[in-house]
Amino acid sequence: MLILILWISNDIGFLAMKKMVTYLKSGQEYMRIWPMQKQLYALFPDCRIIAATKFGMKVMPAIAVIVVAMQLQYLGLEALVQAITLGIFFLSLPLQGILWLGHRSEQVLPPQISNWYKDLYAKMQQQGCQLQRQSAKPTFKELAVLLRTAFKELDKAFTKNLF
């Protein structure tokens with residue numbers, strides 16, 4: 001019985017790790033795709049999360065090293081475990097942003113945003129944009145692709161009216 005429980009829990013742990021790796025890859029892709037336009041900052045938290053995650057990826061390694069060094073300097077080797085734990089915490093902060101973005105990219109759009117997505121899709125088709133086929137239940141990643149295309153191919157007067 002114990003072997004069965006360990007086998008099941010090991011299998012569940014493997015699936016959770018696999019899902020986490022999928023979220024990390026999706027989050028990095030979503031960060032690359034999402035258009036960082038000032039009009040979108042007020043509408044979606046994604047812009048702020050992406051900006052904070054990119055900032056964290058630049059700054060957190062240095063902060064982690066400083067925190068570990070300061071604790072070891074002032075508290076000695078007795079605080080080694082706590083220092084390493086804090087260092088790992090600071091290093092994990094950007095990863096948490098990427099995980100959030102990966103989860104967000106796979107979520108289906110809420111009804112209001114989905115209707116807005118469909119309207120924007122129809123307007124862009126009328127303007128002659130080359131778009132991917134519209135899915136029945138669009139995700140935030142599909143919205144990001146559509147918005148990126150809108151800001152890239154349409155003129156500023158048209159995109160200004162959309163927001």
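If you read the sequence from its start, that first residue is 1, and numbering goes on from there.
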Would you be so kind as to tabulate the donor-acceptor pairs closer than 3.5 Å made by side chains of residues 59-79, with sequence neighbours excluded?
from: Q71; atom 1: OE1; to: A83; atom 2: N; distance (Å): 3.2

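- Inter-residue side-chain proximity for M31 and K54 is flagged as met; some heavy-atom pair is nearer than 4.5 Å.
- Under the 4.5 Å side-chain heavy-atom criterion for grouping Ile, Leu, Val, Met, Phe, Trp and Tyr, I49 is not connected to V145 through any hydrophobic cluster.
- Rounded to the nearest 0.5 Å, atoms CG (L143) and CZ (F44) are 5.0 Å apart.
- For the pair Q28/L101, no side-chain contact is recorded, criterion being any heavy-atom separation below 4.5 Å from C-beta on.
- For Y41, the OH atom is densely surrounded, since the number of other residues' heavy atoms within 6.0 Å is greater than 12.
- When the ring-ring contact (aromatic ring centres under 6.0 Å, His included) test is applied to Y30, the partners found at least two apart in sequence or on another chain are W34.
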- request: Apply the test side chain to side chain contact (heavy atoms under 4.5 Å, CB included) to residues M124 and L146: give CA-CA distance (whole Å), side-chain angles for both, the deciding distance (0.1 Å), then the verdict.
  value: CA-CA 9 Å; M124 288 177 67; L146 186 72; 3.6 Å; yes
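- Note on residues 89-108: pairs passing ring-ring contact (aromatic ring centres under 6.0 Å, His included), not counting sequence neighbours, are Y23-H103.
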- prompt: Passes side chain to side chain contact (heavy atoms under 4.5 Å, CB included), E106 versus S26? Steps please.
  reply: CA-CA 8 Å; E106 296 176 5; S26 296; 3.0 Å; yes
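- With rounding to the nearest 0.5 Å, the separation of CD in E142 from CG in L109 is 7.5 Å.
- How far CD1 of I50 is from CD1 of I33: 10.0 Å, rounded to the nearest 0.5 Å.
- The closest donor-acceptor contact from the side chain of R148 to the backbone of P35 lies at 3.5 Å or more, if one exists at all.
- Using a 4.5 Å cut-off on side-chain heavy atoms (C-beta onward), Q82 and L86 make no contact.
- At least one donor-acceptor pair closer than 3.5 Å links the side chain of T85 to the backbone N or O of V81.
- G97 and T53 get closest at one heavy-atom pair: CA-OG1, 3.5 Å.
- Side-chain contact of S105 with E29: a donor-acceptor pair under 3.5 Å is absent, judged by distance alone.
- Applying the 6.0 Å contact sphere to CD of Q112 captures no more than 12 heavy atoms from other residues, nucleotides or ligands.
- Rounding to the nearest 0.5 Å places OH of Y121 at 10.0 Å from OG1 of T149.
- Atoms CD1 and CE, from I98 and M20 in turn, are 11.5 Å apart once rounded to the nearest 0.5 Å.
- Residues C47 and L40 approach most closely at SG-CB, 3.7 Å, considering heavy atoms.
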message: For L120 and L147: C-alpha separation, side-chain torsions, deciding distance, then whether side chain to side chain contact (heavy atoms under 4.5 Å, CB included) applies.
response: CA-CA 9 Å; L120 179 60; L147 289 172; 3.7 Å; yes
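- With rounding to the nearest 0.5 Å, the separation of OG1 in T22 from CG in L99 is 10.5 Å.
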- request: Determine, step by step, whether F140 and V108 satisfy the side chain to side chain contact (heavy atoms under 4.5 Å, CB included) criterion, reporting the C-alpha distance in whole Å, the side-chain angles of both residues, the deciding distance to 0.1 Å, and the verdict.
  value: CA-CA 7 Å; F140 277 95; V108 175; over 6 Å; no
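- Taking every heavy atom of both residues into account, M57 and P94 meet most closely at CG-CB, 3.6 Å.
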